[in-house]
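Throughout, a chain's letter reflects where its sequence line sits, starting with A, and its residues are numbered from 1.
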There are 2 protein chains.
Amino acid sequence: MPASLSGEAVTQLDRSLIAELPPFQGLEPAALDHVLGEARSLRVAKDAAIFEQEEEAKNFFLLLDGHVRVVKTTPDGQQVIVRYISCGELLGIAQALGLKAYPASAIAAVDCVVLAWPGRLWSDFSTRYPSFGADTYRTVGARLQEAHTRVVEMSTEQVEQRVAHGLLRLANQTGKKTQEGVLIDFPISRQDIAEMTGTTLHTVSRLLSAWEADGLVRSGRQKVTVVEPHRLFLLAGGRARKG
Amino acid sequence: MPASLSGEAVTQLDRSLIAELPPFQGLEPAALDHVLGEARSLRVAKDAAIFEQEEEAKNFFLLLDGHVRVVKTTPDGQQVIVRYISCGELLGIAQALGLKAYPASAIAAVDCVVLAWPGRLWSDFSTRYPSFGADTYRTVGARLQEAHTRVVEMSTEQVEQRVAHGLLRLANQTGKKTQEGVLIDFPISRQDIAEMTGTTLHTVSRLLSAWEADGLVRSGRQKVTVVEPHRLFLLAGGRARKG
DNA sequence: CGACCGTTTGAATAGGGTCAACAACTGTGG
DNA sequence: CCACAGTTGTTGACCCTATTCAAACGGTCG
């Protein structure tokens, strides 16, 4: 059930909401007002879709609050988590890639707030506000890099190292310091971690259990805290075998 | 040994060399002359590097003739083939991704001819010739898609399916129809295929032997011909197990 | 012709996926 | 407040795929 159409307009959209975000940084107040004027604000409930794979790409989005996971589903129903999106990031930018349909689904990992713009405004924004175009170019470039890194990891690393890398990445991206260590800031299941790293929930469970016994992490239901990032990092860097 | 600096200027660069290529399509003759005027033409011997991973990104390139493989090397020396580049494609476009160094090495799979431009011209070309900017945006987008597809494959498919997919992709990209079937148009070893698909040369060798016995492919030293693309495709689509 | 590179093939091993059963927790409704 | 259903997580046993190790073969090239 895509939530795209069920959004309610928020009464006031303040410039300060987006003024400091990379895509809009340095824009004139008038420009910010123009951008906001075209936006609709949507609330998306946990586990609801912001957009769905294969769906016509009518809008692009900015995540104002919450966490979103981007998921690709294979024809036979297996899911792969492509990435997690944090506050302030753009998502659903199919237009930037010259696509007519979204290549993946975006699911709210927690209750979220997003801004939505009609896709046709993409080229408008890019040409009218060069810094917007430049920033999104960088974003796409960074995501390409990230995807290649992931291909290399999947090709050369053992499962244990991949899971360690995956956790560290999440901890860096969205980690929240607590007494015990770095807490991953949204509900994440063993299944989710498996879908990020190309393994099964069973293997992830076993690894986390072992690591917990070793004092590297603490974990509970849909919750993971990295207690000793440094030692986990060493584990992630351990030599692979094949090649 | 990077070949970047060993190139010799070709006496004449004709507009027709690049006029029909996507990045430059639709440019005025004067613009084409400008673009060519800034280019250096280089010959790169088989197995030589056009540029090397980590090296400062001084230039970007267009492959005029030959085939190039783009390779990432891990800190412990394992190699992963990111993609193959065919004639008419841009490569080494670190500038477009906002990078100061090349993220991978580019190795000539056969003797090649490339054009090279200084990196600083990237933004110049992009702004002065909008169709150039738009095309490269599409290129980067397509490569991102491709990388994500690869991540999904590596996460969900068995080795046999990945190798089948890899071969089919090569056959489509650079295949040359012959009496026997579709020949992959440059020397490619079992090791290369292994580095594309995240497996070992042994496994690739066994698969090719089995497929050959089955009449799906014909292969020899650094040579592969896909005899029955359709049946290979069925194999590639076969159900995966895990998940 | 001899050295080397790419390839083939066999045998042994192990990483991790599959199958199965259960335990712990959350939330719901009576 | 408790019973029950539905998730999510744990753990053991088994087995299979693909890697590892080892050896040998056949073109190719200097």
Residues forming a side-chain hydrogen bond (donor to acceptor under 3.5 Å, both in side chains) with S219(A), sequence neighbours excluded: R190(A), E212(A)
Tell me, please, which residues at least two apart from R231(A) pass side-chain contact (heavy atoms from CB on, under 4.5 Å). D214(A), L216(A), E228(A)
So, OP1 or OP2 of dG16(C): does either fall under 4.0 Å of a side-chain N or O from T200(A)? no
Could you tell me the separation between the CE atom of M154(B) and the P atom of dG17(C), rounded to a whole number of Å? 13 Å
Could you state the CD1-P distance from I193(A) to dG16(C), rounded to the nearest angstrom? 16 Å
Can you list everything that forms a side-chain hydrogen bond (donor to acceptor under 3.5 Å, both in side chains) with E54(A)? Sequence neighbours excluded, please. none
Would you mind reading off the distance between E160(A) atom CD and dA14(C) atom C1', rounded to a whole angstrom? 14 Å
Given protein heavy atoms under 4.0 Å, the one-letter contact record of nucleotides 3-10 of chain C, with B base, S sugar-phosphate only and - none, is simply --BSBBBB
Axis-to-axis angle between the two ends of the helix from dC1(C)-dG30(D) to dG30(C)-dC1(D) (five base pairs per end, rounded to 10 degrees): 30°
To the nearest angstrom, the CD-P distance between E157(B) and dA18(D) comes to 12 Å
How would you list, by chain and number, every residue that makes a salt bridge (charged side-chain N to carboxylate O under 4.0 Å, His left out) with R206(B), sequence neighbours excluded? none
Qualifying ring-ring contact (aromatic ring centres under 6.0 Å, His included) pairs, either residue in residues 147-184 of chain B, two or more places apart: none
Run the side-chain hydrogen bond (donor to acceptor under 3.5 Å, both in side chains) test against R143(B) and tell me which residues pass, sequence neighbours left out. none
For the pair made of CZ in R162(A) and P in dG15(C), what is the distance, rounded to whole Å? 14 Å
Among pairs that include at least one residue of residues 173-195 of chain B, which meet ring-ring contact (aromatic ring centres under 6.0 Å, His included), considering only residues two or more places apart or in two chains? H67(B)-F186(B), Y84(B)-F186(B)
Could you give the CG-to-P distance, from L207(B) to dT17(D), as a whole number of Å? 12 Å
Quick one: do E157(A) and R162(A) make a salt bridge, cutoff under 4.0 Å? no
